[in-house]
Peer 1: 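Attaching a single structure in structure tokens format; questions to follow.
Lettering follows sequence order; numbering is per chain, from 1.
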Protein chains: 2
Amino acid sequence: TVVTENLTKVYRMGKVNVEALRGVDLRVRKGELMAVVGPSGSGKSTLLNLMGALDKPTTGRVFIDGVDVGKLSDFELADLRARKIGFVFQFFNLIHRMNALRNVALPMVFTGVSRREREERAMKLLELVGLRDKWRHRPSELSGGEQQRVAVARALANNPSIILADEPTGNLDTKTGEEIIGMLLKLNKGMGQTIVIVTHEKHVSDVCERIVYLRDGLVEREVVRKT
Amino acid sequence: TVVTENLTKVYRMGKVNVEALRGVDLRVRKGELMAVVGPSGSGKSTLLNLMGALDKPTTGRVFIDGVDVGKLSDFELADLRARKIGFVFQFFNLIHRMNALRNVALPMVFTGVSRREREERAMKLLELVGLRDKWRHRPSELSGGEQQRVAVARALANNPSIILADEPTGNLDTKTGEEIIGMLLKLNKGMGQTIVIVTHEKHVSDVCERIVYLRDGLVEREVVRKT
Ligand SMILES: Nc1ncnc2c1ncn2[C@@H]1O[C@H](COP(=O)(O)OP(=O)(O)OP(=O)(O)O)[C@@H](O)[C@H]1O
Ligand SMILES: Nc1ncnc2c1ncn2[C@@H]1O[C@H](COP(=O)(O)OP(=O)(O)OP(=O)(O)O)[C@@H](O)[C@H]1O
Ligand SMILES: [Mg+2]
Ligand SMILES: [Mg+2]
């Protein structure tokens, strides 16, 4: 589970404060498939980064599987993230000097997986996202949507119990996007992974059982649905 | 106008060749509003880059307003691009150490506009895309969709006669995206700018008068419509 208590995030710009989050309370249950939607600048990426303990709130708390992440050392935090959380970043954050295979394999370095097994699992994940033939391409030698799929594959490297995906299909045509979402659905239904997807696309939020609407740094409303 | 004759682009990867474009003939008429759609990896960004003379084809030719760009010197080419073409790149290509205002103003440096006028026009363009209040933010201090809108504003800096936009609304919520497209439509209808938009979103291609479908590096089909 991921629980947030009254999260605020204020960015300071000289004398100007930007309130990206203004008091967000959320509880994401184990195995839940949740979409977060909202206008540009409403705080979605900020929220996802805080939920994944990639940044610190100005005030408020985040609990991951009952653990208050604000109380962990940097080492403990890095270990928790490596083992439990897979991220798909809005702009992928791929390593430019590594090819697709090594990008996907990288998270497994931090969880002590052997090199041979890393490369085997990375190749299977690339096949899962339709990019087996492009394993040797570096990010600059891939299309936008191909880079995005490498990012999705990398998020799955350690078979995390929580997946936080920031616009995982924004650069994909509808058909490729549906294949990626179908794969994430399988993970959710089949293996009980908790998945939070930030998306602007209705065909993506439509398959989620719960949709949280953000606006101006606050949860405006939620819809819980039968899918 | 932009005309391409039998464009091919082959990327060489050691012993492997990737054929991104395999013979594309296109004629974009002055004042036309055209969408280019297709699956991830079908060659859309490659085509746009060649049409804008940002890259060279393997074979084939590109004519911009009747001029064969392959025959221009680097200096002549840079001058033509600066004066005639506005780009919205798929991943924005903003300058990280410059704030939003200076990013938008940058193209005007190359067309000899005074500093004062540059900043005035840049501020008006930021207002047009709803980001007047964020002019001092650097790209890392902006949301994904906000960065994208800065990229759109920059593309308009020199009031170009040709706009090439690679997924200009991919990171925007539907409402913000429609505002951006509405603005591009005004430019097209009101000032006769030629606009080519690569998009995966039907609500964007639906307002274009012509849609070109790419697949595996070739034009698969076209639809010309009454909008
Ligand atoms: N620099 C490069 N080196 C090698 N291959 C490349 C390079 N750039 C692109 N490619 C390959 O060329 C093909 C076309 O790429 P392109 O970026 O034009 O696709 P696209 O239609 O824009 O895709 P997307 O919708 O995912 O952005 C892809 O198969 C891609 O892997
Ligand atoms: N590092 C930063 N410094 C200053 N302001 C920031 C920073 N990061 C984000 N912001 C601001 O905080 C607000 C929320 O940003 P955030 O990236 O969370 O929005 P978002 O909902 O993900 O938007 P989008 O849909 O455009 O990606 C925006 O107004 C943005 O300008
Ligand atoms: Mg975002
Ligand atoms: Mg592309």
Peer 1: Considering only heavy atoms, which portion of B:Val37 lies under 4.5 Å from any heavy atom of chain A: side chain, backbone, both, or neither?
Peer 2: neither

Peer 1: Any side-chain heavy atom of B:Thr176 sitting closer than 4.5 Å to one from A:His200?
Peer 2: no

Peer 1: What part of B:Glu201 is in contact with chain A, defined as an atom under 4.5 angstrom from a non-hydrogen atom: side chain, backbone, both or neither?
Peer 2: neither

Peer 1: Could you check if a side-chain atom of A:Glu141 sits within less than 4.5 angstrom of a side-chain atom of B:Val18, using non-hydrogen atoms only?
Peer 2: no

Peer 1: Between the side chains of B:Asn171 and A:Gln90, is a donor N or O closer than 3.5 angstrom to an acceptor N or O?
Peer 2: yes

Peer 1: Just do the side-chain contact (heavy atoms from CB on, under 4.5 Å) check on A:Arg136 and B:Val16 with the steps written out, would you?
Peer 2: CA-CA 10 Å; A:Arg136 65 174 60 83; B:Val16 174; 4.0 Å; yes

Peer 1: Counting only non-hydrogen atoms closer than 4.5 Å, does B:Phe89 touch chain A with its backbone (N, CA, C, O), its side chain (CB onward), both, or neither?
Peer 2: neither

Peer 1: Tell me, yes or no, whether the heavy-atom count around A:Arg22 atom CZ, taken from other residues, nucleotides or ligands under 6.0 Å, exceeds 12.
Peer 2: yes

Peer 1: Mind ranking A:Arg149, A:Glu167, A:Lys134 by heavy-atom pairs under 4.5 Å with chain B and telling me who comes out on top?
Peer 2: A:Arg149

Peer 1: Looking only at heavy atoms, which of residues 40-47 of chain B get nearer than 4.5 Å to chain A?
Peer 2: B:Ser40, B:Gly41

Peer 1: A:Pro39, A:Gly177, A:Gly170: which one forms the most heavy-atom pairs within less than 4.5 Å of chain B?
Peer 2: A:Pro39

Peer 1: Between B:Phe91 and chain A, with a heavy-atom cut-off of 4.5 Å, which part of the residue counts as in contact: side chain, backbone, both or neither?
Peer 2: side chain

